[in-house]
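Since the structure comes first, as structure tokens, the remarks are kept for the end.
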Amino acid sequence: KRQAKADLERSREIMHIQSISRWAPSCVGPYSQAARFGDCVYVSGQLGLDPPTMAFVEGETLARELEKTIQHCESVCEAVGSAFSSDLVKLVVFVERGAAGLGLGGLAEGCGAEGLPRVYVEVPKLPKGARVELHPFLYSPKGTEGAEITVVAAAAVAEGVGVKGKCAGVEGTACAYAAEIGDGTQWEAVEAAVYGALARFGLEREDVVVFNLYFVGGLPLLGEGSCFGTLPVQSFPVSGCGLGEDMGAKAVVEVLAHRV
């Protein structure tokens with residue numbers, strides 16, 4: 001474990017707390033805009049702020065705000081040697097309550113996320129009064145151009161479990177998985193799908209670094225003896241969630257795994 005921690009420290013690169021990305025907004029709090037661990041890049045949530053003023057343009061449409069948010073993601077990724085549109089593995093889209101009705105059409109095509117796992121989460125309020133916030137996860141080996149990312153449906157990694165989901169990743173290195181939970185009682189099926197996704201890309205439970213559970217209403221209870229209890233699970237009550245813009249799921253599971 002000590003050696004693994006040392007290897008992780010050597011492979012970690014954190015962007016300075018104040019952005020070194022020239023055309024993206026500075027951080028709005030005490031955090032880093034991006035962190036690279038080996039070949040994987042984690043980008044903090046990006047907003048469609050105007051960088052010089054750190055404010056939103058009054059009267060701007062949601063489409064324009066979303067366009068600027070994507071541009072800021074591209075700038076931050078470029079600053080850490082990655083390419084947002086070609087290296088993207090998974091995207092989480094946070095939407096202010098009511099903003100989804102204004103339309104997020106073209107989001108997937110606009111940022112290269114078409115076909116990839118996308119999690120949509122509706123919340124009461126976003127920082128700085130934003131209507132949309134993007135959280136990308138990328139696979140970006142240094143010294144290479146683009147990554148060969150494989151996308152498979154949840155049914156292909158756990159036959160017969162009946163879970164609507166999708167996973168994407170790179171063999172032996174990284175995997176992102178997202179699935180909808182219809183009624184909060186499908187934990188055995190979800191477990192089978194999660195571990196099926198990890199196995200599909202040659203990864204194990206010990207490689208999981210993020211396990212997020214977004215849920216609407218009461219918290220879906222983990223089944224008795226669930227092996228999720230050994231994972232770093234974070235739970236978030238939200239007003240809507242799903243793998244599509246309609247956000248009609250009871251809960252969504254989001255898992256990221258990578259091997260340094």
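All values reported here derive from a predicted model rather than from experimental measurement. Any value given below was found using the heavy atoms of this structure, including those in side chains, with hydrogens, waters and symmetry copies removed.
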Q: Kindly give the heavy-atom pair with the smallest separation between Glu133 and Pro127, and that separation in Å.
A: OE1-CD, 3.5 Å
**Q.** Euclidean distance, Glu204 CD relative to Cys175 SG, rounded to 0.5 Å
**A.** 13.0 Å
Q. Does the side chain of Glu180 reach to within under 4.5 Å of the side chain of Val252, using non-hydrogen atoms?
A. yes
**Q.** Heavy-atom closest pair, residues Val76 and Ala34
**A.** CG1-CB, 3.7 Å
Q: Please list, chain by chain and in numerical order, all residues satisfying salt bridge (charged side-chain N to carboxylate O under 4.0 Å, His left out) with Glu65, sequence neighbours excluded.
A: Arg131
Q: Report the relative orientation of the aromatic rings in His258 and Phe37; use parallel for angles under 30°, tilted for 30 to 60°, perpendicular for over 60°.
A: tilted
Q | Any residue meeting salt bridge (charged side-chain N to carboxylate O under 4.0 Å, His left out) with Glu60, in chain and number order, not counting sequence neighbours | A | Arg64, Lys68
Q: Output yes when a side-chain donor or acceptor of Lys166 lies under 3.5 Å from a complementary backbone atom of Tyr177, and no otherwise.
A: no
Q: Would you indicate whether the side-chain heavy atoms of Thr150 and Glu171 approach each other to under 4.5 Å?
A: no
Q.
Evaluate Leu116 against Leu91 for side chain to side chain contact (heavy atoms under 4.5 Å, CB included), listing each step before the verdict.
A. CA-CA 8 Å; Leu116 295 173; Leu91 184 67; over 6 Å; no
**Q.** Which residues share a side chain to side chain donor-acceptor pair (under 3.5 Å) with Gln46, sequence neighbours left out
**A.** none
Q) What about Met54 and Val57, same hydrophobic cluster or not, with Ile/Leu/Val/Met/Phe/Trp/Tyr joined at side-chain heavy-atom distances under 4.5 Å? A) no
Q. According to the interplanar angle, ranging from 0 to 90°, do the rings of Tyr42 and Phe137 count as parallel (below 30°), tilted (30 to 60°) or perpendicular (above 60°)?
A. tilted
Q) Sequence neighbours excluded, which residues qualify as side-chain contact (heavy atoms from CB on, under 4.5 Å) partners of Glu78? A) none
Q. After noting the C-alpha distance and the side-chain angles of Val253 and Asn212, does the key distance pass the side chain to side chain contact (heavy atoms under 4.5 Å, CB included) rule?
A. CA-CA 6 Å; Val253 167; Asn212 291 333; over 6 Å; no
Q: Any chance you could measure Thr173, atom OG1, to Leu203, atom CG, to the nearest 0.5 Å?
A: 7.5 Å
Q) Donor-acceptor pair, Arg200 side chain versus Gly169 backbone, under 3.5 Å? A) no
Q. How close do Val95 and Leu126 get, heavy atom to heavy atom, and via which atoms?
A. C-CD1, 4.2 Å
Q: Indicate yes or no for a side-chain donor-acceptor contact from Ser235 to the backbone of Leu213 under 3.5 Å, with no hydrogens or angles considered.
A: no
Q. Are any side-chain N or O atoms of Arg36 and backbone N or O atoms of Val80, one a donor and one an acceptor, separated by less than 3.5 Å?
A. yes
Q.
Ignoring hydrogens, what is the shortest heavy-atom contact between Ala174 and Tyr139? Give both atom names and the distance.
A. CB-CD1, 4.3 Å
Q: Starting from the C-alpha separation in whole Å, work towards a yes-or-no answer on side chain to side chain contact (heavy atoms under 4.5 Å, CB included) for Leu243 and Val119.
A: CA-CA 5 Å; Leu243 301 187; Val119 177; 4.3 Å; yes
Q) Which atoms form the tightest heavy-atom contact between Ala83 and Leu138, and what is the distance? A) O-CD2, 3.6 Å
Q: Compare every heavy atom of Pro117 with every heavy atom of Ala176, then report the nearest pair and how far apart it is.
A: O-CG, 4.0 Å
Q. Can you tell me how far the CD1 atom of Ile149 sits from the OG atom of Ser86, to the nearest 0.5 Å?
A. 7.5 Å
Q: Report the residues that fulfil ring pair (Phe, Tyr, Trp, His ring centres under 6.0 Å) with Phe56, sequence neighbours left out, ordered by chain and then residue number.
A: none
(Q) Checking Pro237 now: which residues fulfil side-chain contact (heavy atoms from CB on, under 4.5 Å) with it, not counting sequence neighbours? (A) Phe215
(Q) As an exercise, state the distance from NZ of Lys128 to CG of Leu47, rounded to the nearest 0.5 Å. (A) 9.0 Å
Q) Applying the side chain to side chain contact (heavy atoms under 4.5 Å, CB included) test to Pro136, which of Val92, Asp87, Val41, Leu88 qualifies? A) Leu88
Q) When rounded to the nearest 0.5 angstrom, what is the spacing between CZ in Phe201 and CG in Asp207? A) 13.5 Å
Q.
Would you compute the distance between atom CG of Leu256 and atom SG of Cys167 and round it to the nearest 0.5 angstrom?
A. 12.0 Å
Q. Taking only residues two or more places apart in sequence, or in another chain, which ones meet Thr69 in a side chain to side chain donor-acceptor pair (under 3.5 Å)?
A. none
